Structures are given as C-alpha cells and as structure tokens.
Amino acid sequence: MKARLSLLFTKPSKRIGPSVTLLWLSLCSNLLLAEPQMLNFNQADIQSVIATIGEITGKTFVIDPRVQGQVTVISSKPLEEDELYGVFLSVLRVQGYAAIADGEVVRIVPDAVAQQQATSNGGNTGEAIVTRILPMTNISALEALPLLRPLLPQTAHLVAHEASNSLIAADREVNIDRLQSIIRRIDRAEQAEVEVIPLQHASANELMRTLQMLHPNQTQTVLADERTNSLLLSGDSGRRLRLRTLISHLDTPLDAGGNTQVVHLNYATAEELVPILQGVVDQQSGVQEIAGGAAQSGSSARIQSHAETNSLIISAQPAELRSLKSVIRSLDIPRAQVLVEAIIAEVTVDTARELGIQWQATSNLADGDGIIGGTNFGTGGNNILSQVFNPIGSPNAVAPGAGLNLGYIAGTTSILGNEILELGAVLRALSSDTDSNVLSTPSVVTMDNSEASISVGQEVPFITGQFTNTSVDTAAGQVNPFQTINREEVGIQLTVTPKINEGDSVMLSIQQEVSALTSSVGAVDLITSKRTLSTQVMVRDNDILVLGGLISDDLQEIEDRVPGLGDIPILGNLFKFRSNRQVKRNLMVFIRPRILRDPNLAHDISSSKYNLIRARQLEQRNSAQGLTPTEEMPLLPELFEYLQSSPESLQPPDDGSS
C-alpha cells in the first residue's frame with residue numbers, strides 16, 4: 001500500500017528567503033514524484049505554485065510578467081500526476097490565466113492574451129484555450145449569435161460570419177465543447193422546414209409584398225410561386241406559425257362581384273382577345289344548364305374591350321383573374337414582320353406570216369345588175385372588191401390591209417358598146433413579229449401569321465347585257481337603249497400569309513394572279529389572259545424559290561385554196577392564200593421572304609427603296625427638256641432630312657397658286 005503524504009504550503013515567512021522556500025519545495029517534490037499527493041495551498045505565491053507543478057510534471061513553463069497573485073487550494077484526496085495538472089489549470093482559470101501548449105513549452109498568460117494566441121487544445125484537460133469554427137446548417141448564424149453569447153464568459157470571443165453561415169468561438173475547450181453541443185441540438189432540419197401554403201382567393205405576389213412590408217428584415221422567409229398561386233414559408237416553427245395565422249386571415253373571399261381590372265395590351269388587339277378569353281373562362285368553369293333549356297357559364301367573369309385604348313376590362317374572381325392575366329401575357333407578345341417579294345418574269349414571242357393572191361371580177365350592166373365573183377379567202381376587211389374596184393377616195397373605199405399589197409385591174413371589156421367585164425387581182429404578203437418581256441416584282445410587308453394582299457392593275461369594263469327596242473319611244477320620240485357593264489380587275493394580285501417556324505424558315509400560303517388584256521380580233525368584246533397560282537410552300541429566310549412556270553409553244557398554219565384550180569402545179573399558187581402563226585410563251589413566278597426581326601434591318605430595306613425612287617426622280621430632272629422648270633418637278637427629300645423634319649415642314653407652302 002502506497003504511503004500518502006500531505007503537504008501544507010503556507011505563505012513563506014519574511015525571515016525565510018524565496019530561494020530557501022523554492023529549495024524546500026523542490027526537495028519535497030522529488031520525494032513525492034512517484035506517489036499520489038494531496039495539495040493544499042494557503043495564500044501561496046502563484047509563481048511558486050507554477051514552479052512546483054513544473055517539478056512534479058516535468059513540464060517547462062514560461063510565465064508572463066503579468067501573472068501575479070496568491071493561490072489557495074484545498075484537496076481532500078490524493079491526486080495522480082494527470083489529475084494534479086488538471087487542478088493546476090483550474091487554479092490558473094480561477095486566477096484569470098491560461099496555459100497555452102506550444103510544443104514542449106507551456107506559456108502562462110492572461111486569458112485575454114490566450115484567446116488570441118491559442119492554436120491547439122493543449123491536451124485532454126478541457127481547460128486549454130482553443131479557437132474553433134462552428135458551422136450552422138439549418139439556422140442563421142446571425143440569428144443564433146444573440147442566443148448563444150450569454151452562455152459564454154465575458155472574456156470569451158464569439159462572432160458570426162454571415163458569408164459562410166458559421167460562428168467563430170475562442171474560449172476554454174470545455175466551454176467550446178458545451179457550446180457546440182447546444183448548437184447540434186438547435187441546428188436541426190425541422191427548424192428550417194419549408195412549407196407550401198396554397199392560396200384560394202388572394203394573389204400570391206400581392207400577399208408576399210404585404211408580409212415583406214410587415215417584416216422587412218425577413219425577405220427570404222416568404223416567397224411567392226405565381227404559377228400555382230402559393231406561398232413558400234421558411235424558418236423556425238414559431239415564425240411559420242405566425243405567418244400561417246396571418247395568411248389565413250388575408251386569404252378570404254371578397255364580396256360578390258370580385259375584382260375589376262383594366263389590362264392594357266401592347267401588341268394584341270383587344271377585340272380579338274375577348275372571345276378567346278371568354279372561351280377560356282367557359283372551359284375552366286364549365287357550362288351549366290338552367291331552366292328552359294338555356295345554357296349559361298358557371299363563372300361570373302365578364303370581359304369587355306375598349307378599342308380606343310386597346311385595353312381589356314375584366315371583372316372576375318381573383319383565381320379567374322390570375323388565370324386570364326396569365327393567358328393574356330402569353331398572347332400579348334411582339335411578332336416579327338415578313339417582307340414577301342414575288343418576282344414574275346414573262347417572255348413572249350409572237351410571229352405571223354401571210355402570203356396569197358386574191359381574184360375578183362364583176363359585170364356592170366347598164367341597169368345596175370350584173371354578175372360578181374372572186375377569191376377572198378376570209379381576209380376580212382381587206383376586200384379585194386373594195387380595194388380594186390373602189391379606189392381610195394371613193395365613197396365606199398376601204399384602205400388596203402397591213403403588209404405588201406400589189407393590185408392589178410384589167411381594162412373594161414365592151415361588146416356592142418356595153419361594158420361586160422372588169423377583172424382585178426391583189427397580191428398580199430405580211431410578216432409580223434411581236435416580242436414582249438414583262439418583269440413584275442410586287443412586294444408586301446405583313447406581320448407573322450397575318451394575311452396581306454397587294455393589287456396593281458386596272459378595272460376593265462365588260463358588257464354583260466344590252467337592250468334596244470325601236471317600238472318603245474320616249475316622250476321626245478327617241479329610243480332609250482341601255483347596256484349593263486361589269487368592271488373586273490386586270491393586273492397583278494398577290495395575297496400571302498406568312499408563318500415563321502422554328503429557326504429561319506417561313507411557311508407561305510400564296511395566292512398569285514397575273515391577268516392582262518390581249519388582242520380582240522374576231523371577238524365580240526375584250527379578251528383577258530389570266531394566270532393564277534395557289535400553293536403553300538416552305539422557304540428559308542432570304543432564299544428564292546420558284547413557285548411555278550408556264551412554257552408553251554403554239555403553232556397554227558392555215559391554207560385557203562380554190563378547189564381544182566389550187567391543185568394545179570405551180571399555177572395553183574395563184575389561187576391559194578397561206579398564213580401561219582407561232583406563239584412562244586415563258587412565264588416563271590418566284591418568291592423570296594425576308595424576316596424583319598431587327599428594326600435596323602427593316603430601316604435599311606425601307607431606306608434602299610426610298611433612295612431608289614429618289615434616284616429615278618433625279619434622273620428625270622437631269623434629262624428633262626420640257627417646258628416645266630426643273631425645280632418644280634416632284635422630288636423626295638433627303639431621307640435623313642425627312643426623318644429629322646416634322647411633317648408640317650415637308651408640306652409645300654400655300655401661296656394661293658393651287
């Protein structure tokens with residue numbers, strides 16, 4: 001059984017020097033190194049106590065000059081070496097000092113200095129000064145700081161780092177361990193749970209703004225989900241409970257009639273949206289059948305349009321109003337514009353050849369009666385009888401036809417003084433060539449998915465009926481005939497509806513018509529040629545696509561002859577009339593769309609067209625040789641000047657000349 005010794009350290013007498021006391025303590029400690037010891041200090045100098053502990057434990061201490069004071073320790077049982085060192089650290093803590101382990105050296109410094117210099121825990125005693133970073137996972141470090149600060153001594157340091165949501169603590173290890181245990185208990189996930197509160201009547205955005213005005217420092221506590229009209233609550237259970245109570249009071253239905261709001265449209269047309277929105281309301285609320293078989297919507301929503309301001313007036317319950325406003329936002333969007341240019345190219349070649357001889361003879365008897373004959377071959381107005389026997393200038397004269405006309409009139413043959421025969425012949429040769437080259441480039445600008453049309457031509461009158469009755473006279477004794485006329489457009493017409501697809505492609509629904517007046521020889525009225533095209537195509541932006549074409553080659557040959565005489569070799573040509581006609585026609589229609597998403601592109605295209613017209617006007621001014629002064633000819637202003645000037649400044653001065 002180990003012997004137990006009790007040492008009583010008292011305040012040294014003034015008659016005994018400090019060196020003697022230290023020597024005595026050193027000798028006693030050497031005797032007791034291997035045995036448990038009971039320490040009792042009564043007003044002993046702290047530096048002497050530190051020296052004694054150093055001898056017992058074998059540690060090297062460095063004492064700060066500010067370490068001063070008297071120590072009293074009362075022990076009731078023997079202590080091992082480790083327990084002895086723990087008591088020593090407790091003594092230092094009571095005195096306001098701390099031991100900092102720095103390798104094999106232990107520094108004894110005041111607590112305030114130790115909290116700034118501590119780098120390790122100094123062992124397992126729990127009395128060493130340590131500095132730790134305590135991260136927070138579910139609660140805010142700023143909110144936890146005022147709750148945890150009173151749990152530490154005044155000499156301890158505790159600050160919050162908002163960026164990393166953590167606490168930085170500097171104090172004795174035992175205090176830091178206790179603080180960390182408390183944080184683990186309060187920093188739980190259920191304290192920061194997120195709740196979803198669906199709203200039935202109120203607007204999530206409006207209610208969120210109201211709650212944030214009541215709690216301006218808690219802007220992250222309440223968030224609104226507009227799509228589901230719900231509020232998201234975060235934070236501790238007590239805060240969420242208060243917010244849920246307030247939300248339940250605010251999320252109440254309004255009086256009958258709901259809300260009435262005016263929604264201003266930026267791009268869509270109010271009149272066009274009214275039936276669409278009314279259909280959405282009817283579909284959502286259903287249609288209810290009432291007495292008498294009539295049907296009415298189950299919703300009380302009312303939608304009207306105001307054309308002057310392009311606005312919608314909506315009276316509906318909050319939930320319906322939110323749904324309608326969501327639909328309006330999706331429909332009221334800007335649409336791109338599309339420039340559609342059609343290119344119509346037509347080349348026509350028309351050739352005609354005529355060659356033949358016409359004979360005619362007559363017997364002019366004295367009493368005016370006689371016999372006539374001839375070969376006219378259906379040449380219409382070029383009547384040989386009129387041309388040969390009625391020379392130009394006579395009352396019934398007919399001018400020769402086009403082409404080469406060579407005529408011969410035989411002398412009058414007389415028998416017994418009577419003229420019995422006159423004979424004439426005409427040689428007719430005609431060659432005609434007609435070439436036409438038509439190029440039209442109609443263009444039109446329209447919004448995406450909107451129909452546009454352009455028409456360039458004339459209205460031509462066509463007789464559809466007439467009335468003449470000689471038996472019906474007016475009071476003045478005149479007949480009152482009349483005709484009915486129908487006017488039809490003749491020219492170029494383009495109707496197009498573009499639809500921009502994903503990317504740079506445009507789907508085009510096209511109606512193209514090209515009509516013109518043609519020759520009306522032999523017809524009872526005007527003749528028009530018409531070429532129409534109706535199709536739907538897909539074209540990439542700024543590409544050219546051929547829509548269709550017409551290539552025709554018509555050849556017509558006609559030969560008129562006198563039976564029998566026309567079959568005689570060589571001489572038969574005197575009794576023939578030949579004509580041929582050949583028409584070649586090439587017609588192509590092209591299309592080119594250009595998407596005008598960028599306002600600068602639209603401006604550049606418009607500027608180029610504007611400058612082209614102005615350049616043509618300048619050419620006319622420079623080449624003008626008429627009586628009109630050059631400065632009085634129409635001329636567009638400079639484009640830059642036009643954009644910078646007001647409309648009033650571009651008007652001609654009113655000098656009374658008009």
Side-chain angles (χ1 to χ4, degrees), residues 269 272 335-350 434-465 483-501 505-520 523-552 554 583-596 601-602 605-606 608-610 612-613 616:
T269 304
E272 297 177 356
R335 293 185 294 168
Q337 299 184 106
V338 181
L339 169 64
V340 181
E341 296 177 307
I343 304 173
I344 305 170
E346 181 178 3
V347 178
T348 304
V349 178
D350 189 352
T434 303
D435 296 336
S436 62
N437 186 353
V438 179
L439 178 63
S440 302
T441 57
S443 62
V444 62
V445 178
T446 180
M447 301 289 290
D448 178 28
N449 208 25
S450 295
E451 181 181 293
S453 62
I454 184 173
S455 176
V456 180
Q458 298 175 331
E459 287 191 350
V460 179
F462 291 87
I463 299 176
T464 59
Q483 292 179 336
T484 57
I485 297 176
N486 183 27
R487 295 183 178 272
E488 296 184 5
E489 293 184 356
V490 176
I492 298 175
Q493 296 181 1
L494 172 64
T495 302
V496 60
T497 302
K499 181 180 180 181
I500 302 176
N501 291 343
S505 297
V506 182
M507 180 181 294
L508 299 172
S509 298
I510 303 171
Q511 299 285 339
Q512 177 75 55
E513 178 179 319
V514 180
S515 58
L517 293 175
T518 60
S519 175
S520 60
V524 297
D525 206 340
L526 299 176
I527 298 177
T528 59
S529 63
K530 179 184 291 186
R531 305 167 185 88
T532 61
L533 184 146
S534 177
T535 184
Q536 190 172 19
V537 295
M538 180 81 72
V539 192
R540 289 193 307 176
D541 180 27
N542 207 26
D543 277 2
I544 296 179
L545 179 67
V546 59
L547 299 181
L550 174 64
I551 301 177
S552 62
D554 298 335
V583 179
K584 293 184 178 181
R585 180 178 295 106
N586 297 326
L587 172 65
M588 290 291 174
V589 180
F590 304 86
I591 201 75
R592 181 176 70 172
R594 301 189 67 179
I595 303 175
L596 307 180
L601 177 59
I605 294 176
S606 302
S608 62
K609 300 295 184 181
Y610 187 93
L612 177 63
I613 297 299
R616 294 293 183 268

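Note that this is a predicted model, so its numbers are computed, not measured. Just so you know, residue 1 is the first one in the sequence shown, and it goes up from there.
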* Structure fact -> Sorted by chain and number, sequence neighbours left out, side-chain hydrogen bond (donor to acceptor under 3.5 Å, both in side chains) with Glu488 holds for none
* Exercise: identify the closest heavy-atom pair between Ile485 and Pro461 -> CG2-CB, 3.4 Å
* How long is the gap from CZ on Arg531 to CD1 on Ile344, to the nearest 0.5 Å? -> 10.0 Å
* To do: Rounded to the nearest 0.5 Å, what's the gap from CG on Leu339 to CD1 on Ile605? Could you check?
  => 5.5 Å
* Closest contact, heavy atoms only, Ser450 versus Pro498 -> O-CD, 3.4 Å
* Asked: Do Arg335 side-chain atoms and Met447 backbone N/O form a donor-acceptor pair below 3.5 Å?
  -> no
* To do: With side chain to side chain contact (heavy atoms under 4.5 Å, CB included) as the test, would you mind laying out the steps for Asn542 and Arg592 before giving the verdict?
  => CA-CA 6 Å; Asn542 207 26; Arg592 181 176 70 172; 3.9 Å; yes
* Test Ile591 against every option in Leu533, Leu547, Val546 by the side chain to side chain contact (heavy atoms under 4.5 Å, CB included) rule and name the one that passes. => Leu547
* At their closest point, which heavy atom of Ala342 faces which heavy atom of Leu494, and how far apart are they? -> CB-CD2, 3.9 Å
* Asked: So do the side chains of Val514 and Ser440 get within less than 4.5 Å of each other, counting heavy atoms only?
  -> no
* If every non-hydrogen atom of Ile454 is compared with every non-hydrogen atom of Ser443, which pair is closest and at what distance? -> CD1-O, 3.4 Å
* Structure fact -> Smallest heavy-atom separation, Val490 atom then Ser515 atom, equals CA-OG, 3.3 Å
* Counting only heavy atoms not in Arg540, do more than 12 fall under 6.0 Å of its CZ? -> no
* Side chain proximity check, Val496 to Ile510, heavy atoms < 4.5 angstrom -> yes
* Residues Leu545, Val537; criterion side chain to side chain contact (heavy atoms under 4.5 Å, CB included); working and verdict -> CA-CA 9 Å; Leu545 179 67; Val537 295; 3.9 Å; yes
* Counterpart residues, side-chain hydrogen bond (donor to acceptor under 3.5 Å, both in side chains), relative to Thr484 (two or more places apart) -> Thr464
* Asked: Would Asn501 and Met538 satisfy side chain to side chain contact (heavy atoms under 4.5 Å, CB included), going step by step from the backbone distance to the final call?
  -> CA-CA 9 Å; Asn501 291 343; Met538 180 81 72; 2.9 Å; yes
* Nearest heavy-atom neighbours spanning Arg487 and Glu459 -> NH1-O, 3.8 Å
* Asked: Without hydrogens or angle criteria, can the side chains of Thr532 and Glu513 be said to hold a donor-acceptor pair below 3.5 Å?
  -> no
* **Any side-chain heavy-atom pair of Thr528 and Val460 under 4.5 Å** => no
